[in-house]
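Notes follow the structure.
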Amino acid sequence: MATIAFQGELGAYSHQACHDARPGHDPLPCPTFEHVIDSVRDGRADLAMLPVENSTYGRVADIHSLLPRSGLHIVAEAFVRVHINLLAIPGTALADVKVAQSHTVLLGQCREFLSRHGITPRIGADTAGSAMQVAQAGDPSVAALASEMAGKIYDLDVLSRHIEDHDRNTTRFLIMSRDPVRPAAGAGPVKTTFVFRVRNIPAALYKAMGGFATNGVNMTKLESYMVDGQFTATQFYADIEGHPDDAPVARALEELEYFTSSLDILGVYPADPDHFDGGTDG
């Protein structure tokens, strides 16, 4: 059976993404994002599931710098609505819980619930790992904040469901493989992701972006980050709507290439229809 690698323990939200997007693949938990990438490069996994951004907390640290060096290709995107649940050992009542353990990001998303019930937050390594530790410890006073999937895996009761403060918290993932798999142009909504560095000339970024505006290509994301810790070396990460074989996109990329010192397409892949704008603003 095909395998898909993700960062974290079984029951992590990345595992949830694997389960929802590639239900026919065996999940392979990995300790770090680098291990996820390596597992695909060396053939232990067929696909990698990597989180790139969260609607509440922005981009996932280090991912954008890892992707260009990974040697992998984006073949799809996936979105997971982050529902947070309070999990405890079987038979525990909500009033028994004094401490809730999880990743610091999840703790910050449940402040209102924890405060209302007098529960003290405790930072754990990750969400599913916290659920595993709670199950192993067997202490009813300590609960975990994690996915419902984690509760099933580690045989924990769900004391409260969907306790997050904000009801639209969503994480976007990229599915990557060793070989590119491009949909045909015109086959449906498509996204193209690429990284580039601009040439050292005045207004290079402004001029490079002009081709997308004049050709009506919608750029849904543009982010910059330093390369190799140097203030003088900036790389840009971009998502656009459209296929490189579409005439407007081809013209925009040709113009971009003129103003860049490097341009690498990381993937051309089907856009999630529920998260596709379809607009033409540049």
>> If I take atom NZ from residue Lys207 and atom CZ from residue Arg199, how far apart are they, to the nearest 0.5 angstrom?
In response: 9.0 Å
> Would the number of heavy atoms belonging to other residues, nucleotides or ligands and lying under 6.0 Å from CZ of Arg116 be above 12?
Replying inline: yes
> Got a donor-acceptor contact below 3.5 angstrom from the Asp157 side chain to the Gly91 backbone?
Replying inline: yes
> When clusters are formed by joining ILVMFWY residues with side-chain heavy atoms under 4.5 Å apart, either directly or through shared neighbours, do Val268 and Met219 land in the same one?
Replying inline: yes
> Is a donor on one side and an acceptor on the other found under 3.5 Å between the side chain of Asn85 and the backbone of Ala146?
Replying inline: yes
>> Rounded at 0.5 Å granularity, tell me how far CG in Leu28 sits from CZ in Arg44.
In response: 6.5 Å
> Do any N or O atoms from the side chain of Asp246 and from the backbone of His243 form a donor-acceptor pair under 3.5 angstrom?
Replying inline: yes
> Got more than 12 heavy atoms from elsewhere within 6.0 Å of NE2, His19?
Replying inline: no
> Got a donor-acceptor contact below 3.5 angstrom from the Ser55 side chain to the Thr170 backbone?
Replying inline: yes
> Going through the distances and angles, do Arg172 and Asp239 end up as a salt bridge (Lys or Arg N to Asp or Glu O under 4.0 Å)?
Replying inline: CA-CA 13 Å; Arg172 179 185 179 225; Asp239 292 334; 2.8 Å; yes
>> For the CG atom of Asp20 and the CZ atom of Phe79, what is their distance to the nearest 0.5 Å?
In response: 13.5 Å
>> For the backbone of Gly242 and the side chain of Thr192, can you confirm whether one donor and one acceptor N or O come within less than 3.5 Å of each other?
In response: yes
> Tell me, do Met176 and Leu67 make a side-chain contact under 4.5 Å, heavy atoms counted?
Replying inline: yes
>> I need the minimum non-hydrogen distance between Leu266 and Val195, along with the two atoms involved.
In response: CD1-CG1, 3.9 Å
>> Test side chain to side chain contact (heavy atoms under 4.5 Å, CB included) on Arg122 and Val142; report intermediate values, then the result.
In response: CA-CA 9 Å; Arg122 176 192 293 171; Val142 181; 4.0 Å; yes
> Just checking, is any N or O donor in the side chain of Thr3 or Asp26 under 3.5 Å from an acceptor N or O on the other one?
Replying inline: no
>> Any non-hydrogen side-chain atom of Val60 less than 4.5 Å from a side-chain atom of Phe33?
In response: yes
> Which pair of heavy atoms, one from Pro244 and one from Ala250, lies closest together, and at what distance?
Replying inline: O-CB, 3.4 Å
> Within the side chain of Tyr13, is there an N or O that forms a donor-acceptor pair under 3.5 Å with the backbone of His83?
Replying inline: yes
> With the 4.5 Å side-chain cut-off for hydrophobic clustering, are Val36 and Ile74 part of the same group?
Replying inline: yes
>> If you compare all heavy atoms of Val249 against all heavy atoms of Ile240, which two are closest, and at what distance to 0.1 Å?
In response: CG1-CD1, 3.8 Å
>> Donor-acceptor check, side chain of Gln101 to backbone of Gly124, threshold 3.5 angstrom: yes or no?
In response: no
> So, for Val198 and Ser261, which heavy atoms are closest and what is the spacing to 0.1 Å?
Replying inline: O-OG, 3.9 Å
>> I'd like to check Leu145 versus Ile163 (side-chain heavy atoms, cut-off strictly below 4.5 Å). Are they in contact?
In response: yes
>> Rounded at 0.5 Å granularity, tell me how far CG in Leu107 sits from CD1 in Ile119.
In response: 11.0 Å
>> Test side chain to side chain contact (heavy atoms under 4.5 Å, CB included) on Leu66 and Glu34; report intermediate values, then the result.
In response: CA-CA 8 Å; Leu66 286 173; Glu34 289 88 346; 4.0 Å; yes
>> So which atom in Glu164 and which in His166 form the shortest heavy-atom distance, rounded to 0.1 Å?
In response: CG-O, 3.1 Å
>> Just so I know, are the side chains of Asn169 and Gln109 near enough to count as touching, which here means a heavy-atom distance under 4.5 Å?
In response: yes
> How far does CD of Glu77 sit from OG1 of Thr193, to the nearest 0.5 angstrom?
Replying inline: 8.0 Å
> Yes or no on side chain to side chain contact (heavy atoms under 4.5 Å, CB included) for His162 and Arg81, after CA distance, side-chain angles and deciding distance?
Replying inline: CA-CA 11 Å; His162 304 180; Arg81 174 66 179 82; over 6 Å; no
>> If you count heavy atoms of other groups shown closer than 6.0 angstrom to CG of Leu222, is the number above 12?
In response: yes
>> A side-chain contact here means heavy atoms from C-beta on lying under 4.5 Å apart; do Leu256 and Phe194 qualify?
In response: yes
>> For the backbone of Arg111 and the side chain of Ser115, can you confirm whether one donor and one acceptor N or O come within less than 3.5 Å of each other?
In response: no
> Considering only heavy atoms from C-beta outward, does the side chain of Phe6 approach that of Cys30 to under 4.5 Å?
Replying inline: no
>> Could you tell me if the side chain of Leu47 sits less than 4.5 Å from the side chain of Arg22, heavy atoms only?
In response: yes
> Would you say Tyr154's side chain and Leu10's backbone share a donor-acceptor pair under 3.5 angstrom?
Replying inline: yes
>> Using modelled atom types and a 3.5 Å cut-off, is there a donor and acceptor pairing between side-chain atoms of Gln7 and backbone atoms of Pro31?
In response: yes
> After noting the C-alpha distance and the side-chain angles of Thr127 and Ser147, does the key distance pass the side chain to side chain contact (heavy atoms under 4.5 Å, CB included) rule?
Replying inline: CA-CA 8 Å; Thr127 60; Ser147 69; over 6 Å; no
>> Hydrophobic clustering (ILVMFWY, side-chain heavy atoms < 4.5 Å, transitive) - are Val105 and Ile123 grouped together?
In response: no
>> Quick one, Ile153 and Glu9 - any side-chain contact, counting heavy atoms below 4.5 Å?
In response: no
> Considering all heavy atoms of both residues, which atom of Ala125 and which atom of His103 are nearest to each other, and what is their separation?
Replying inline: O-CD2, 3.6 Å
> Quick one: do Val217 and Met209 end up in the same hydrophobic cluster if we chain Ile, Leu, Val, Met, Phe, Trp and Tyr together by side-chain heavy atoms under 4.5 Å apart?
Replying inline: yes
> OG/Ser70 to CG/Leu50 distance, rounded to the nearest 0.5 angstrom?
Replying inline: 8.0 Å
> Should Ile37 and Ile4 be regarded as members of a common hydrophobic cluster, given that ILVMFWY residues are connected when their side-chain heavy atoms come within less than 4.5 Å of each other, either directly or indirectly?
Replying inline: no
